[in-house]
Each structure stands twice: as C-alpha cells, then as structure tokens.
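Here is the structure we will look at, set down as structure tokens.
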Amino acid sequence: MRLGFPAKVLGRGGVLKDYDSRRWQSGPHLRVSLGYLNTIIDYLAEECITMYRISSNVAPYITHPELPQFHNQIEECAEDLAHLGTRARRLGLRLSMHPNHYTVLNSPVERVYEGAVRDLLFHGAFMDALGLGPEAVVVVHGGGVFGDKQLAMERFAARYERLPEQTRRRLVLENDEKSYSVQDVCEIHRLCGIPLVLDTLHHRTNNPGELSNREAAHVVIPTWPQGVRPKIHYSSARQEDRSITRRDRATGERITSVAAALRFQHADWVDTDEFAAFLADAAPLAFDVMVEAKRKDLAMLRLRSDLRERGIEVK
DNA sequence: CGATGTCAAGGAATC
DNA sequence: GATTCCTTGACATCG
C-alpha cells in the first residue's frame, strides 16, 4: 500500500510551493510550476514518498477563453514535462490530479459542459506529456443534480463515453459530500464503467444507504480494471468546539454553551486508530491511500510511522 | 505590517 | 431573476 498526499509541502521548514499562483499578468505559469514540482520531487525522493497529487492549478489560464496566449503551455514545456515524468517513473512515484468543483461535466448549460471538457482534455494531455502510465489518474466528482439526479447521472455517463479515449482512460469518479453518495457513483459506474474512488470522509457525510466502510470499500475497489491499483481518499473529520447561545425561556437570560461539533472538514491529522480499523475492515482488498489532511505531508508521514510501529506494511 | 478585497470558472438555496 | 452562501488559499491592495 502506498501512502500519498496532495499539493503543497510543509515538511521543509517553510512551505514548498506547488504551483505558480500569481495573477495572469505574470504568466505563463507552467514553467514556474514545473520548477516547484522538481523541488517537491526532490523532497518526495528523500522521504521515500511514493504517491503525490499535483495541483490542478499547475497551468493557470491554460483553458481560459479570453487568454489564448496561455493555451500552448504544455507544448512550450514539453521537454520539462517529459523530464519531470521520467524522474517520477524512476522513483516509482504514482501521480494524480483532481480538478476542482468548477469542472461540471454533467451541467445542462452547454457553455459549462464545454468548459469542463476543455479542462479534462488539459488534465489528460498533462498526464500524457509526463508520459505516465494508467495508474496516474484524474479524479472527478459527479457534478450537479439539477433537480433530477437520475437524469443528471445519465448525462454524466453519456458525456463520459463521448470523451476522447486519451482523456477518458484517466478519469475516475469520487463520491462527494453533498450530491453523489457511494451508491450514486456505483450507479454511474454501472451506466458507463468509470472506476470509482472512495472518499471516506465524504462517505461519512453523505451515506443515505447507510453502507458500512467495509461495504463501501467492497463495492468501489472492484470497479478498477485489472492491473491498475485502485486508490482511495482518506481523512479524519475535524472536531471543533462551537459555542451556542440561546435565551432562557423563563428568565430571558442568555446562556452560552460549548458543543463539540463534528464538522465534515479535513482534520489537521489522521487518527491512526481509526485508520487501522478501516484497513482491517477493508481487508483483503489492495489499494493505495491518498491522505487528505490540513497538515499535508506531515500528517501522512506521522501516519506512516505510526503504522510501521504497529507492523503494518506501508510504502 | 495587518486588514481587507479579489480571483476564471458553478450550483443550490433563498427571496 | 437576482443575491448570497458554500469554502480554500494566497496574492494583491490599501491604510
């Protein structure tokens, strides 16, 4: 089992940037981003980290309709991209990407749909330019519901099938925290065959069918093709003290109490006991784990060391 | 330097 | 039909 983390790096004293986030006036950005990524790969190699998510912001404005001067960034950086990809392959590093929620493949608004396609084409082309194998996937969400979920799912499936093969073969679908539960993404998988990513925190938030983690893992993992190792997203829920003020009915006096509220956001760290329990639940399934925590690589490294202490083998 | 505004992009709830 | 929230972060600007 590989463990990975997304985006920026906290474990080098300060923060290692993962993409060029300056405004468009400072573009083009991809070459700068690739410089950052090379530094990050140095770090991954030193720490023997074998999985990493590249920010979908690596090439800002590359599909922006009004900034055509930035549309050729992949071609312009072809050599740098190939070099970076070669480094990743030599290190056995599994890379992935995760377009943000503005990418809505199933939108009924034509303009939005077209924008989503442009964005997904970019992600596929980027992975291809790195020369990465089929385990380098692009994780997407189901999109909107638009008042009729079944119809929206069918639209997703039809549009997935219509994507160019080069793009489609990278795509995998993740359950989200509001609209598309594990059961829903299973339905989309049934319609079009897209492999599924289980996000454990989203599953806690959005689980109308009350599937256990074990059940969820066992329906999601087998959706991956033979020879491509599945992966999941794992994070612990942030626990937060929230003060609640109410007025006493009899006296009119204000009463403030503190309640521990489970907010369904990523916690700073991963709870090792919970994670180990999840692994035991999911056994004997095999998969990689993307650790999503506020403390990024630090959380992943802490979890890895905890697991090794317990004799659980982790790459 | 700290506070505040802004960013390409959508959806959904609310009025 | 228009407005606001959702929600992440960091740059950019202002005082």
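So that the names make sense, note that chain A is the first sequence line, chain B the second, and so on, each numbered from 1. Atoms considered below: every heavy atom in the structure, side chains included; atoms not considered: hydrogens, waters and symmetry mates.
Residue A/Ser107 has a polar side-chain atom (N or O) positioned under 4.0 Å from OP1 or OP2 of B/dG11. Proximity of A/Lys178 to the phosphate of B/dA13: no side-chain N or O atom is located under 4.0 Å from OP1 or OP2.
Distance CG (A/Asp18) to P (C/dT8): 16 Å, rounded to an integer number of Å. Rounded to a whole Å, the CZ atom of A/Arg118 is 14 Å from the C1' atom of B/dG10. Rounded to an integer number of Å, the gap from A/Leu10 CG to C/dT8 C1' is 14 Å. Rounded to a whole Å, the NE2 atom of A/His101 is 13 Å from the P atom of C/dG9. If you take NZ of A/Lys296 and C1' of C/dA10, they are 13 Å apart, rounded to a whole angstrom. Whole-Å rounding puts the A/Tyr102 OH to C/dT7 P distance at 12 Å. Straight-line distance from the CG atom of A/Asn100 to the P atom of C/dT7: 15 Å, rounded to whole Å. Distance NZ (A/Lys149) to C1' (B/dA12): 14 Å, rounded to an integer number of Å.
Below 30°, between 30° and 60°, or above 60°: for A/Tyr61 and A/His29 the angle between ring planes is between 30° and 60°, a tilted geometry. Between A/His141 and A/His98, the angle of the ring planes lies from 30° to 60°, which puts this pair in the tilted group.
Side-chain contact of A/Thr103 with A/Asp119: a donor-acceptor pair under 3.5 Å is present, judged by distance alone. For the residue pair A/Arg87/A/Asn38, the side-chain donor-acceptor check at 3.5 Å is satisfied.
Nucleotides C/dT13 and B/dA8 have their P atoms positioned 13 Å apart, rounded to a whole Å. B/dT6 and C/dT4: their P atoms are spaced 14 Å apart (whole Å). Taking atom P on both nucleotides, C/dC5 is separated from B/dG5 by 14 Å, rounded to a whole Å. Taking atom P in both B/dT14 and C/dT7, the straight-line distance is 14 Å, to the nearest Å.
With sequence neighbours excluded, the residues satisfying salt bridge (charged side-chain N to carboxylate O under 4.0 Å, His left out) with A/Arg229 are A/Asp288.
As judged by a 4.0 angstrom heavy-atom cut-off over every strand, A/Lys8 is placed among residues touching the sugar-phosphate backbone only. No contact: A/Gly115 has no heavy atom under 4.0 Å from any strand. Using a 4.0 Å heavy-atom criterion, one finds that A/Tyr61 contacts the bases of the nucleic acid, with or without backbone contacts as well. A/Arg111 comes within contact range of the sugar-phosphate backbone alone, with a heavy-atom separation under 4.0 Å but no base atom that close.
Closest to the side chain of A/His64, out of B/dA9, B/dA8, C/dC11, is B/dA8. For A/Val145, counting side-chain heavy atoms from C-beta on, the closest listed nucleotide (B/dG10, B/dA12, C/dG9) is B/dA12. Of the candidate nucleotides B/dA9, B/dG11, C/dC11, B/dG11 has the atom nearest to the side chain of A/Val104. Checked against B/dA9, B/dA12, C/dA12, the side chain of A/Phe146 finds its nearest nucleotide in B/dA12.
Residue A/Asp20 is tested with A/Ser33, A/Pro60, A/Ser26 for a side chain to side chain contact (heavy atoms under 4.5 Å, CB included); the sole match is A/Ser33.
Below the 3.5 angstrom threshold, one finds no donor paired with an acceptor across the side chain of A/Arg22 and the base of C/dC11.
In this structure, A/Lys8 fails the cation-pi test against A/Tyr36, since its NZ or CZ atom is not both closer than 6.0 Å to the six-membered ring centre and inside 45 degrees of the ring normal.
Centroid-to-centroid, the aromatic rings of A/Tyr52 and A/Phe5 come within less than 6.0 Å.
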Intra- and interstrand pairs of DNA chain C - dot-bracket, Watson-Crick/G-U under 3.5 Å, | marks other strand: ||||||..|||||||
